[in-house]
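Written out below as structure tokens is the structure these notes cover.
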Amino acid sequence: MAASTTDIVEDLDARGLLVQLAGGDELREHLKTGSRTVYCGFDPTAESLHVGSMVPLLVLKRFQMAGHKPIALVGGATGLIGDPSFKASERSLNSEDIVREWVERLKPQLSQFLDFECGDNSAILANNLDWTENYSVLGFLRDVGKHFAVNAMIQKESVKQRLEREGEGISFTEFSYMLLQSYDFAELHRRYNCTLQVGGSDQWGNITGGIDLTRRLHQAQVYGLTTPLITKADGSKFGKSESGTIWLSPTKTSPYAFYQFWLNVADADAYNFLRFFTFLSPAEIKDIEESDRQAQGRPEAQGILAREVTELLHGKAGLDAAVRISEALFSGELSRLTEADLQQLELDGLPCTILESGASGIVEALVSTELARSNKMAREFIGNNAVNVNGQTINDVEFALASAGALHGKYFILRRGKKMFHLLKIG
RNA sequence: GGAGGGGUUCCCGAGUGGCCAAAGGGAUCAGACUGUAAAUCUGACGCGCAAGCUUCGGUGGUUCGAAUCCACCCCCCUCCA
């Protein structure tokens with residue numbers, strides 16, 4: 001892929017992935033007239049990225065598919081400082097060791113969607129620690145800091161609320177975050193001729209900071225583009241499910257849980273998410289929306305979304321496992337599962353606990369599998385008819401899990417509520 | 001260093017000697033209804049089967065009795081130096 005074939009800005013716009021453009025028509029022209037280098041940064045704030053990071057990560061891939069060269073930047077330096085943008089309060093610093101470890105964990109996640117061996121527009125993985133670690137304080141303050149006016153910095157929307165909010169403040173450490181990220185852009189321009197930074201719309205202030213700095217340091221025009229922060233129609237926070245944050249790491253969120261997350265997306269969000277998180281064309285998505293509207297009952301969108309995104313992240317095998325578990329648990333009778341099916345469920349990543357004693361009360365089983373937070377809660381669930389073992393609703397607090405009642409003599413499938421399942425195995 | 005304001009159960013936030021396991025809202029969970037939606041309604045939401053027990057930044061104290069009063073300490077915010 002030498003020259004770009006699709007108009008990437010048009011495509012992003014059609015998907016609703018465009019919030020702001022720094023450079024406007026000039027940027028559109030810039031992207032149409034050659035293969036450009038584009039970057040997006042990801043700070044190590046946890047040991048794994050979560051679903052929210054998939055949007056910019058996939059945007060990088062969209063750029064690569066359109067013939068441009070993507071740089072995934074991991075914030076080994078900025079992760080030590082903490083971005084204050086739109087954060088309500090100061091965050092505590094993570095130790096250097098922790099950040100270093102998270103950086104290593106993030107690298108493969110950042111790399112997995114991008115192509116590193118496709119010639120001229122092969123992706124690059126960078127770490128901003130490389131150009132900041134040995135930068136002297138005095139040098140940085142003189143060369144970089146001098147280009148920033150505090151007057152302008154405090155006007156940025158991203159920190160304004162912090163400055164004005166009663167009971168909160170902002171440390172100089174976090175306040176200077178913008179300088180670091182701005183310097184990243186300038187440095188990536190110098191090293192790789194990077195001319196575009198993309199990021200969530202909360203990054204606008206930091207991106208424009210980088211554009212200004214690059215102009216001052218290198219007399220070069222660079223551009224910015226922001227994507228929407230993903231919100232849900234009902235206003236609740238995107239990226240959480242009943243079991244917590246949806247992580248990209250399969251050890252933290254199993255392919256099954258990941259698949260279920262997408263399957264449970266609200267109708268009002270499903271089509272937008274198809275546009276944001278898949279490579280289906282806007283036209284195809286429109287067709288799905290249209291046919292769902294005409295059909296009765298459950299829409300197709302969530303199923304398509306769940307399959308597409310799960311396969312994108314976890315591959316065919318991960319998707320198959322997720323589908324197998326889902327079908328076994330949600331359709332058909334649990335008591336009909338063969339021993340091999342049950343073993344497969346365990347292999348596929350359904351949460352599983354070994355039951356040592358061979359017999360256990362239902363209350364303690366619920367607590368030990370974390371299906372209930374306390375004995376009291378477990379009893380309440382039972383009282384509400386919310387507990388189910390091997391397909392049978394349990395309404396007796398004294399119910400005992402004994403091998404006699406186990407599937408194939410050793411398995412229990414515990415269910416709390418409608419969707420929380422746990423496999424219990426007599427060991 | 002000085003002056004002032006503040007730290008309450010996941011979050012916001014009321015409570016200023018007993019009626020407080022602590023109002024209200026949000027989040028969350030369960031049930032009904034459904035499509036493993038949404039909306040709505042009902043219930044739960046420190047621990048304990050219960051009697052009861054442990055909570056209101058920390059430690060001591062006053063009191064029959066403290067989240068509420070006193071002392072000291074820690075932390076946060078605002079202004080001044």
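Proteins come first, then strands; the chains are lettered A, B, ... in the order of their sequence lines, and each starts at number 1.
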Distance in angstrom units between A/F330 CZ and B/A37 C1', rounded: 13 Å
Rounded P spacing from B/G6 to B/C69 in Å: 11 Å
Of all pairs that satisfy side chain to side chain donor-acceptor pair (under 3.5 Å), the ones with a partner from residues 377-399 of chain A, not counting sequence neighbours: none
Counter-base of B/G52, judged by Watson-Crick or G-U geometry with both distances under 3.5 Å: B/C47
Set of residues satisfying ring-ring contact (aromatic ring centres under 6.0 Å, His included) with respect to A/F421, sequence neighbours excluded: A/F330
Between the protein and nucleotides 33-35 of chain B, list every N/O to N/O distance that falls short of 3.5 Å.
unit_1	atom_1	unit_2	atom_2	d
B/G35	O6	A/D267	OD2	3.2
B/G35	N1	A/D267	OD1	3.3
B/G35	N1	A/D267	OD2	2.7
B/G35	N2	A/D267	OD1	2.8

Residue pairs involving residues 293-326 of chain A (criterion ring-ring contact (aromatic ring centres under 6.0 Å, His included); sequence neighbours excluded): A/F258-A/H314
Sugar-phosphate, base or nothing in reach of A/A268, heavy atoms under 4.0 Å: nothing
B/C41 pairs with, by Watson-Crick or G-U criteria that keep both distances under 3.5 Å: B/G31
Residues in ring-ring contact (aromatic ring centres under 6.0 Å, His included) contact with A/F148, at least two apart in sequence or another chain: none
Contact list for residues 140-155 of chain A, test side chain to side chain donor-acceptor pair (under 3.5 Å), sequence neighbours left out: A/Y135-A/D143
For A/K61, all residues meeting side chain to side chain donor-acceptor pair (under 3.5 Å), sequence neighbours excluded: none
Which pairs, protein N/O on one side and nucleotides 46-49 of chain B N/O on the other, fall under 3.5 Å?
unit_1	atom_1	unit_2	atom_2	d
B/C47	OP1	A/S374	OG	3.4
B/G48	OP1	A/N375	N	3.1
B/G48	OP2	A/S374	OG	3.3
B/G48	OP2	A/K376	N	3.0
B/C49	OP1	A/R379	NH2	3.0

P atoms of B/G17 and B/G13, separation to the nearest Å: 22 Å
Residue matched to B/A3 through Watson-Crick or wobble contacts both under 3.5 angstrom: B/U78
All side chain to side chain donor-acceptor pair (under 3.5 Å) counterparts of A/D97, not counting sequence neighbours: A/R100
Between P of B/A38 and CZ of A/F273, the distance in whole Å: 13 Å
Inter- and intrachain pairs under side chain to side chain donor-acceptor pair (under 3.5 Å), touching residues 39-57 of chain A, at least two apart: A/Y39-A/Q197, A/D43-A/T78, A/D43-A/Y177, A/E47-A/R105, A/E47-A/K252, A/S48-A/Q109
Gap between atoms CD and P, on A/E380 and B/G31 respectively (whole Å): 11 Å
Who pairs with B/C10 - Watson-Crick or G-U, where each distance is under 3.5 Å: B/G26
Close side-chain approach of A/V55 to A/F277, heavy-atom, < 4.5 Å: yes
Pairwise P distance for B/G52 and B/C19, with rounding to whole Å: 15 Å
A/D292 side chain vs A/E300 backbone, donor-acceptor pair below 3.5 Å: yes
Heavy-atom pair of closest approach, residues A/T226 and A/S201: CB-CA, 3.6 Å
Rounded distance in Å - CG (A/L366) to P (B/C29): 17 Å
Watson-Crick or G-U wobble partner of B/G17, both distances under 3.5 Å: none
RNA chain B contacts among residues 381-395 of chain A, heavy-atom distance under 4.0 Å: A/F381, A/N384, A/A386
Expected output: side-chain A/S95 to main-chain A/I98 donor-acceptor under 3.5 Å: yes
Side chain to side chain donor-acceptor pair (under 3.5 Å) involving A/T278 - partner list, sequence neighbours excluded: none
Spacing of the P atoms in B/G24 and B/A44 (rounded, Å): 12 Å
Rounded C1' spacing from B/G25 to B/U9 in Å: 15 Å
Spacing of A/F261 atom CZ relative to B/U36 atom C1', expressed in whole Å: 15 Å
Nearest-angstrom distance from the residue atom CH2 of A/W262 to C1' of B/U36: 17 Å
N or O in side chain of A/R416 less than 4.0 angstrom from B/A30 OP1/OP2: yes
